[in-house]
Trainee: 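I have a structure here, written as structure tokens, and I will follow up with some questions on it.
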There are 2 protein chains.
Amino acid sequence: MPKKKVFELNPNISVDCVVFGFDLEKLNILLIDRGESQFVSNNSLALPGDLIYNNENLHQAAYRVLEELTGLKNIYLEQIGAFGDPNRISKEEDRLWLESIRDNPEARVVTIAYFSLVKMEDYPLKASSFAKKAIWIPVKEIEKLAFDHFEILQAAKIKLKEKIKIHPIGFNLLPEKFTLSQLHKLYESILDKELDKRNFRRKVQKMNLLKRLFEKQEYVPHKPSELYKFNEEKYQELAKNGFNNFGF
Amino acid sequence: MPKKKVFELNPNISVDCVVFGFDLEKLNILLIDRGESQFVSNNSLALPGDLIYNNENLHQAAYRVLEELTGLKNIYLEQIGAFGDPNRISKEEDRLWLESIRDNPEARVVTIAYFSLVKMEDYPLKASSFAKKAIWIPVKEIEKLAFDHFEILQAAKIKLKEKIKIHPIGFNLLPEKFTLSQLHKLYESILDKELDKRNFRRKVQKMNLLKRLFEKQEYVPHKPSELYKFNEEKYQELAKNGFNNFGF
DNA sequence: TTTGAAAGTGTAATAATGACACTCAGATAA
DNA sequence: TTATCTGAGTGTCATTATTACACTTTCAAA
């Protein structure tokens, strides 16, 4: 008894996305508040995700979820891995929520987790722009999430750390124009440790992916900083040869 | 209409394993020959894998497949990621094979791929020990595999390369007693490039995970090599601090 | 006893890393 | 107008890591 396949949700396979954003101070992730009340509770927060359709591939499914959520396209997206403990729905509130949104809430689900990097400026959170409320929460403040989403977040953080050490993906989190201090703080946030200012600057200058704009910050109560942008051409050039030199 | 969950195969989720072995000369992987004939054809080779049961987690499923195949337990196993293009069953021979072994051969399947490292000496291939014939094939000779398994193999090779650069997992592929030249050749096979002999030796000596046995090779037609074994205790010690120093 | 084949060994030049402290430029407030 | 505050920006030196490179040794087999 083969089922019709196309345009059907697959009850057993979902994607979940860890969307990182950087507010120039700290790392945040985008979470869905499932709660009824207007107050955010740790218990009601979940990663954005959805069951996949049988006719879309996994990346497409993740893109779809992100686009529905943020309206953004061409987002940096990378698979973290598959999570699918049979007992991942162990909390009562998770069970109830699933019953409210799924046809087959009891089904065994394996979820494919992705992480994604967005420029927070491109995604200003509009008040009630979605039925499901999406909110930015600082990564450091998250202690608990729905299902196995906390575990997925830990894996996402590790993956991001590993990746940023060998590949200059940090620019996806910064505005077009940024200062070296902002880049510095970004790396410190992701790697979760202090980096010496001068050594950091030497290193990023050497990797040769920055284009100095000869513009300065304005209206800051201190010496204004030079602005830079990411040099896309140099990136493409280096990309072929594998970026050997990013050991932070 | 919730289905009974326990002890049922899930028609939508499978695991596939890339089992690496090292014959002291080159890297091999363990493949299943689906062909009827006694001659191995590239077309008939597939990664070992199976649908998962709804009551087992993904790691358990991979272990189960490996144990059924090799009889080995406590195998090094690591997830590569999820693969699930809706068109992964594009070849006619794959479709036919699925029809012969699956209840629901049309189902959309997402597979979770694992790679695994075994000591080939622990797994001497017995003639016809399995209905499905399992055979070792040198990685370099593989040009084509069933479904999307060739793509999975590429991902496995990349993952293994990345991992071995930062973590001393190579020992899982070597016999208890081994020579530095064998270790050297192993790293060259995995990284697919030549490594300077003296620099390599300096580096592995510095990482301090080798225990010299003060035994020598015998009956080799050249100067016999010192034998070493892997120092498990030192490994445990270093494991906590994160192995910073393996940049090959 | 000679030969073949891989084992084993050290050094020097260059590059990368880590530690460290002061001056500069602009905004704001007195 | 001057003083103060804040973060921007900069260089050097010691240590460590990396790369490149060639000859001698030991055993087995002929």
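Letters A, B, ... mirror the listed sequences (proteins, then strands); counts begin at 1.
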Trainee: Looking only at side-chain atoms of B:Lys203, point me to the closest of C:dA19, D:dT18, D:dG7.
Mentor: D:dT18
Trainee: Between C:dA7 atom C1' and B:Phe200 atom CZ, what is the distance in whole Å?
Mentor: 14 Å
Trainee: Kindly say whether, by distance alone, the side chain of B:Lys197 makes a donor-acceptor pair under 3.5 Å with the base of C:dG8?
Mentor: yes
Trainee: Calculate the interatomic distance between A:His222 atom NE2 and D:dA3 atom P; express it in whole Å.
Mentor: 23 Å
Trainee: When all nucleic acid strands are considered with a 4.0 Å heavy-atom cut-off, which category describes B:Glu218: base, sugar-phosphate, or nothing?
Mentor: nothing
Trainee: Looking only at the side chains, is there a donor atom on one of B:Tyr235 and B:Glu237 sitting less than 3.5 Å from an acceptor on the other?
Mentor: no
Trainee: Can you confirm if the aromatic rings of B:Phe178 and B:Tyr228 lie within a centre distance of less than 6.0 Å?
Mentor: no
Trainee: Looking for any heavy atom pair under 4.0 Å, which part of the strands does A:Gln217 touch: base, sugar-phosphate only, or nothing?
Mentor: nothing
Trainee: Could you check which of D:dA28, D:dG9, C:dA7 has an atom nearest any side-chain atom of B:Ser181?
Mentor: C:dA7
Trainee: So which nucleotide from D:dG9, C:dA7, C:dA19 ends up closest to the side chain of A:Ser225?
Mentor: D:dG9
Trainee: Charged N to carboxylate O under 4.0 angstrom, A:Lys197 versus A:Glu188?
Mentor: no
Trainee: Side chain of A:Asn199, heavy atoms from C-beta onward: which of C:dG10, D:dG11, C:dA5 has the nearest atom to it?
Mentor: D:dG11
Trainee: Can you measure B:Met207 atom CE to D:dA17 atom P for me and round it to whole angstrom units?
Mentor: 15 Å
Trainee: Nearest to the B:Arg202 side chain among D:dT18, C:dG26, C:dA19, which nucleotide is it?
Mentor: D:dT18
Trainee: Using whole Å, report how far CZ of A:Phe178 lies from P of D:dG7.
Mentor: 20 Å
Trainee: How long is the line joining NZ of A:Lys223 and P of C:dT23, in whole Å?
Mentor: 13 Å
Trainee: From the options D:dC21, C:dG8, C:dA27, select the nucleotide whose nearest atom is closest to the side chain of B:Arg201.
Mentor: C:dG8
Trainee: Using the closest heavy atom to pick a nucleotide of DNA chain C for each, name whichever of B:Pro224 or B:Pro221 lands nearer the 5' end.
Mentor: B:Pro221
Trainee: Under a 4.0 Å N-O cut-off, is there an ion pair linking B:Lys159 with B:Glu78?
Mentor: no
Trainee: Could you check how far OH of A:Tyr219 sits from C1' of D:dG7, rounded to whole Å?
Mentor: 19 Å
Trainee: Charged N to carboxylate O under 4.0 angstrom, A:Glu215 versus A:Lys229?
Mentor: no
Trainee: Could you state the atom-to-atom distance from CD of A:Glu215 to P of D:dA8 in whole Å?
Mentor: 17 Å
Trainee: In terms of side-chain heavy atoms of B:Glu226, which of D:dG9, C:dG8, C:dA16 is nearest?
Mentor: C:dG8
Trainee: CG of B:Asp196 versus P of C:dT9: gap in Å, rounded?
Mentor: 14 Å
